[in-house]
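Just below is one structure, and these are the notes that go with it.
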Amino acid sequence: MEARRHISLKESIRSIPDYPKPGIVFRDITTLLSDPRSFRRAVDALVHPYAGGGIKQVAGIEARGFILGGAIAHQLSCGFVPIRKRGKLPHKTVSMAYALEYGTDEIEIHVDAVGPGDRVLLVDDLIATGGTATAAINLLRKIGAEVVAACFVIDLPEIGGAQRLRDMGVDVRTLMEFEGH
Ligand code: AMP
C-alpha cells in the first residue's frame, strides 16, 4: 500500500492572489482547519508554550480567532472571551477604534469579560500590521486583563505587526511566516 504523504503545516495554507483586492495575497486557513492533522498540529503548537502558564482566559478576535481560540481554550482548560466587530455583543461593552488602510474599524469586548489581573492569551489567525491585535490588547488592558501573550498561525514579518506587539510588552508566538502583504 502506498504511504500517504502528510503535508506540512505551511502547505496546508491556501494562498489566493489579489483577494480581497489587487496586490494582496490572502492566506486562507480554511484548508488548514479542514485537514484534521494540520488543525491538531496547529492548535497543539499554539498551546504548547502556555501549558501550565496560569492563563485564565483566551481572547479570540472575530472570526477566525474564535475557531482557533476555542480549541486552544479547551486544551488549556481556561475560559474563552470573544472580541467582536462593533454592535454584535449584547451586554455592556467597551470599544476601540483602529486604523485600516482606508478609514477605521472598531472592535468591542464585554466590560466584565475578564476579572481584575486575569492572565489572558490573545489569539488570531494572522498578524499583518498588528492594528487589530493592538486594539484588542488595549481593550483587554482597559478592562483589567494582564495580556501575557498573543499567538497567531501566520506572521507577515515584513509588515512589522509582531514587533509592534512585542514593543507593547506582549510575548508573540507565530507558527510560520510568509513574505509580503
Ligand atoms: P492587521 O490588523 O493588519 O494585523 O490584520 C490582521 C487581521 O486581518 C487578521 O484578523 C487577519 O485575519 C486579516 N488579514 C490581514 N491580512 C491578511 C492576509 N494577507 N490574509 C488573510 N487575512 C489577513
Side-chain angles (χ1 to χ4, degrees), residues 7-43 45-46 58-73 80-90 93-110 113 120-142 147 149-168 170 172-181:
I7 58 170
S8 73
L9 206 53
K10 197 165 178 178
E11 286 172 317
S12 78
I13 304 291
R14 176 163 56 192
S15 293
I16 302 174
D18 299 321
Y19 183 89
K21 57 184 184 183
I24 302 286
V25 184
F26 192 86
R27 306 299 178 178
D28 175 20
I29 67 155
T30 64
T31 40
L32 176 152
L33 298 172
S34 64
D35 179 52
R37 193 167 179 269
S38 299
F39 189 20
R40 174 167 288 281
R41 282 175 63 198
V43 172
L46 292 171
V58 169
I61 300 175
E62 184 173 1
R64 285 166 293 227
F66 291 179
I67 304 163
L68 296 162
I72 292 167
F80 177 82
V81 170
I83 296 176
R84 300 207 64 178
K85 306 275 161 65
R86 190 162 66 99
K88 304 275 183 117
L89 289 169
T93 58
V94 288
S95 43
M96 191 72 64
Y98 60 98
L100 299 174
E101 204 175 339
Y102 304 103
T104 59
D105 214 339
E106 211 169 321
I107 51 173
E108 294 183 336
I109 194 167
H110 276 147
V120 174
L121 171 63
L122 180 69
V123 178
D124 203 359
D125 64 330
L126 179 147
I127 181 153
T129 65
T132 316
T134 299
I137 291 164
N138 286 332
L139 268 186
L140 286 161
R141 287 179 172 169
K142 206 168 166 181
V147 185
C151 66
F152 307 84
V153 173
I154 300 164
D155 184 17
L156 307 182
E158 287 168 35
I159 311 180
Q163 190 54 47
R164 194 172 158 193
L165 266 54
R166 291 187 180 107
D167 292 344
M168 296 174 77
V170 175
V172 180
R173 307 286 175 119
T174 62
L175 301 185
M176 67 186 75
E177 299 180 350
F178 283 99
E179 285 178 7
H181 289 238

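Since the model is a prediction, treat every value here as computed from it, not as a measurement. We count residues from 1, following the sequence as given.
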If you take all heavy atoms of [X] and [Y], which pair is closest and at what distance?
X	Y	answer
Arg164	Thr129	NH1-O, 3.1 Å
Leu175	Ala42	CD1-O, 3.7 Å
Val43	Ala71	CG2-CB, 3.9 Å
Pro82	Ile109	O-CG1, 4.0 Å
Leu156	Ala128	CD1-CB, 4.0 Å
Gly69	Val123	N-CG1, 3.9 Å

Do the side chains of [Y] and [X] get nearer than 4.5 Å, heavy atoms only?
X	Y	result
Ser15	Val25	yes
Ile13	Ile154	yes
Val120	Val58	no
Val170	Arg141	yes
Val172	Phe152	yes
Tyr98	Thr132	yes
Cys151	Leu122	no
Phe39	Leu33	yes

At what distance, to the nearest 0.5 angstrom, does [atom1] of [X] lie from [atom2] of [Y]?
X	Y	atom1	atom2	value
Met176	Leu126	CE	CG	10.0 Å
Met96	Ile137	CE	CD1	11.0 Å
Ile127	Ile159	CD1	CD1	9.5 Å
Thr31	Ile16	OG1	CD1	8.0 Å

Asp28, Ile29, Leu32 screened by side-chain contact (heavy atoms from CB on, under 4.5 Å) with Arg14, the one that passes: Asp28

Verify side-chain contact (heavy atoms from CB on, under 4.5 Å) between Asn138 and Met168, making sure each step is shown before the conclusion. CA-CA 10 Å; Asn138 286 332; Met168 296 174 77; 3.5 Å; yes

Is [X] reaching over with its side chain to a backbone N or O of [Y], donor-acceptor style, under 3.5 angstrom?
X	Y	value
Thr93	Ser95	no
Lys10	Glu177	yes
Ser38	Leu9	no
Glu11	Ser8	yes

Check Arg86 with Glu108, please: is the shortest side-chain N to carboxylate O separation under 4.0 Å?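 A salt bridge is absent here (no side-chain N lies under 4.0 Å from a carboxylate O).
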
Begin with the C-alpha distance, continue with both residues' side-chain angles, and end with the deciding distance and a verdict on salt bridge (Lys or Arg N to Asp or Glu O under 4.0 Å) for Glu62 and Lys85. CA-CA 7 Å; Glu62 184 173 1; Lys85 306 275 161 65; 5.3 Å; no

Take atom CZ of Arg40 as the centre, draw a 6.0 Å sphere, and report whether it contains more than 12 heavy atoms from other residues, nucleotides or ligands.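 No, because the 6.0 Å sphere around CZ of Arg40 holds 12 heavy atoms or fewer from other groups.
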
Leu140 vs Ile83, side-chain contact (heavy atoms from CB on, under 4.5 Å): CA-CA, chis, key distance, verdict: CA-CA 9 Å; Leu140 286 161; Ile83 296 176; 4.2 Å; yes

Given the rule in the side-chain contact (heavy atoms from CB on, under 4.5 Å) test, do Arg84 and Ile107 qualify, once you have shown the distances and angles that lead to the verdict? CA-CA 5 Å; Arg84 300 207 64 178; Ile107 51 173; over 6 Å; no

Would Lys21 count as a cation-pi partner of Phe26, with NZ or CZ less than 6.0 Å from the six-membered ring centre and within 45° of the ring normal? no

Pi-cation contact, Phe178 with Arg27 (under 6.0 Å, within 45°):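 Yes; both conditions hold, so Arg27 lies above the ring face of Phe178.
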
How would you list, by chain and number, every residue that makes a salt bridge (Lys or Arg N to Asp or Glu O under 4.0 Å) with Arg41, sequence neighbours excluded?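 Per chain and number, Arg41 pairs via salt bridge (Lys or Arg N to Asp or Glu O under 4.0 Å) with no residue.
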
